[in-house]
S.K.: 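Dropping a structure here in C-alpha cells format, bear with me for questions.
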Amino acid sequence: MNLVEKINKLKKEKNAIILTHCYQNIEIDEVSDFVGDSLYLSRAAAKTNADIIIFAGVYFMAQSAKLLSPSKRVFLPNMNSGCLMADMIDVNNLRQFKSQNPDIPVVCYINSTAEVKAECDICCTSSNAIEVVRSLNVNKVLFAPDTYLGKWVEYKLKNVEVITFNGFCPTHLRIRVEDIENARRRYPDYLILAHPECHSEVSKLADFVGSTKEITEFAQKSSHTKFIIATEKGVVDRLNRDSMKNNQGKTFVLINDNIVCPNMKCNTLEDILYTLENENNEIFIDTNTAEKAKRSIEKMLLLSERK
Ligand code: 13P
Ligand code: SF4
C-alpha cells in the first residue's frame with residue numbers, strides 16, 4: 001500500500017476526516033475530505049460527525065476546529081505549523097491594546113490563539129471581516145492582530161474607524177507595489193487577484209481582493225482566462241491543477257516566487273499517517289478559555305450563516 005492508501009484506510013477505521021487549508025502541500029488534497037479557506041473549514045469542523053479531525057493547516061486552525069467540535073479529538077500533523085501572524089499577539093498584548101482604547105468593541109481575526117479570541121467580542125475571517133465589522137453598527141472598532149486586513153475593512157466601509165493592532169503576515173508582505181507594477185507591464189492582459197493580508201497599497205492596486213476561497217471562486221467563474229495571484233503559492237497550484245483537470249484553459253501565475261508560507265508547508269503526508277497511527281499532537285484547550293473563545297467564533301458563524 002502507498003501512503004495515500006494507508007491514510008485512507010486508517011481514516012475509515014478510525015472515523016477520521018482531514019480538513020486541509022488551500023496553502024498546504026497540494027498532495028495532501030488526495031487524502032482530504034474538505035479543502036478550502038478558514039471560514040469553510042471552520043464550518044466543516046462545526047458540522048462533522050467524525051470522531052477524529054486531522055487539521056492540515058496551522059495551529060490556530062486546529063484550535064478553532066477543537067473549539068467548534070469539543071467532543072471530537074483534533075490533531076495537527078506537525079506542531080511546527082504555527083501562524084507567524086497569530087503569534088504576534090498574546091493576551092497581555094491584547095489587554096494593553098484594549099486598555100489604550102477603552103470601551104470599543106474588539107474584532108479578532110481568526111488567525112489568533114484561543115486565549116486571544118476569548119477576550120474579543122467577535123471573530124472574523126478574511127471572507128467575512130467587512131460583514132462582521134458592519135454588523136456591529138458602531139463607528140469605531142479595535143481589530144487584531146492583522147493591521148492590513150483591518151485597514152482594508154476601514155477602506156471598504158468608509159464610515160468606520162478601524163484601530164488596528166500592529167500584526168501582519170510576513171508572507172503576504174513580501175508582495176510589493178513594484179511586483180504589481182511589474183506584473184501590469186509584463187502581463188497587461190492578466191487580472192490581478194490579491195488577499196487582504198497584503199499591504200494596503202498592494203490591495204488597492206489589485207483588480208479583486210478576497211479570501212483564498214473568494215479568489216478561487218472569482219477566478220473559476222470569470223470569463224477572463226489569465227490571472228496573477230497575490231497570495232500563497234498553494235492557491236496557484238490548485239487553480240492550475242483544476243483548470244487543467246477541467247480543460248478550462250486558464251493560466252495562473254504567482255505574483256513573485258517567494259510567496260510561500262513556510263509554516264503552512266510543514267505538514268506532510270508522512271506526518272498525517274504518523275498522526276493517524278499514533279494519535280500524537282492532539283489539541284487541548286482549557287475549558288474556561290474554550291467557552292469564551294467559542295462564543296466569539298460562533299457569533300461570526302451565525303452572522304455569515306444568515307446570508
Ligand atoms: P483565509 O482565511 O483566506 O483562508 O486565509 C488564512 C490565512 O492564513 C491567509 O494567510
Ligand atoms: Fe499565517 Fe501568513 Fe502563513 Fe497565513 S500565510 S498562516 S497569515 S503566516
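As the structure is a computational prediction, the values presented were derived from the model and not from experiment. Counting convention: from 1, in listed order, for ligands and their atoms alike.
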S.K.: Would you call H21 a ligand 1 contact, heavy-atom distance under 4.0 Å?
M.R.: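 Contact present.
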
S.K.: What part of D146, side chain, backbone, both or neither, has a heavy atom within less than 4.0 angstrom of ligand 2?
M.R.: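 For D146, no heavy atom sits under 4.0 Å from ligand 2.
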
S.K.: With a 4.0 Å cut-off on heavy atoms, is N263 in contact with ligand 2?
M.R.: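 Checking ligand 2 against N263, which is what was asked, there is no heavy-atom contact under 4.0 Å.
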
S.K.: Less than 4.0 Å is my threshold; does some heavy atom of H195 fall inside it relative to ligand 1?
M.R.: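 The answer is yes, since H195 has a heavy atom less than 4.0 Å from ligand 1.
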
S.K.: Number the atoms of ligand 2 from 1 as they appear, then name those within less than 4.0 Å of a heavy atom of Y23, with their elements.
M.R.: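 With Y23 as reference, the close atoms of ligand 2 come out as 4 (Fe), 5 (S).
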
S.K.: Find all atoms of ligand 1 within a distance of less than 4.0 Å from any non-hydrogen atom belonging to H172, and give their numbers and elements.
M.R.: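 Those of ligand 1 that fall under 4.0 Å from H172 are 10 (O).
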
S.K.: Check whether any N, O or S atom of C261, backbone or side chain, sits closer than 2.8 Å to atom 3 (Fe) of ligand 2.
M.R.: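 It does; at least one qualifying atom falls short of 2.8 Å.
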
S.K.: Of the options F252, F208, Y190, which is the one that meets F227 in a ring-ring contact (aromatic ring centres under 6.0 Å, His included)?
M.R.: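 Option passing the ring-ring contact (aromatic ring centres under 6.0 Å, His included) with F227: F252.
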
S.K.: N263 and S81: which non-hydrogen atoms are nearest, and at how many Å?
M.R.: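 Minimum heavy-atom contact is O-OG, 3.4 Å.
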
S.K.: At the 4.0 Å heavy-atom cut-off, does Y40 count as touching ligand 1?
M.R.: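 No, that is not the case, since the closest heavy atom of the residue is not under 4.0 Å from the ligand.
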
S.K.: Could you verify whether a donor N or O on one side chain and an acceptor N or O on the other, from T164 and D146, lie under 3.5 Å apart?
M.R.: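 The answer is no; no qualifying pair exists.
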
S.K.: Can you tell me if an N/O/S atom from H172 lies under 2.8 Å from atom 2 (Fe) of ligand 2?
M.R.: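 Here the distance criterion (N, O or S atom, under 2.8 Å) is not met by H172, so no.
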
S.K.: Quick one: does ligand 2 sit under 4.0 Å from the side chain of E197, the backbone, both or neither, non-hydrogen atoms only?
M.R.: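 The answer is the side chain of E197.
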
S.K.: Select one of side chain, backbone, both or neither to describe which atoms of N111 lie under 4.0 Å from any atom of ligand 1, heavy atoms only.
M.R.: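 Near ligand 1, N111 shows its side chain, while the N, CA, C and O stay back.
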
S.K.: Can you sort out which atoms of ligand 1 are near E197, meaning under 4.0 Å from one of its heavy atoms?
M.R.: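 The list of qualifying atoms is 7 (C), 8 (O), 9 (C), 10 (O).
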
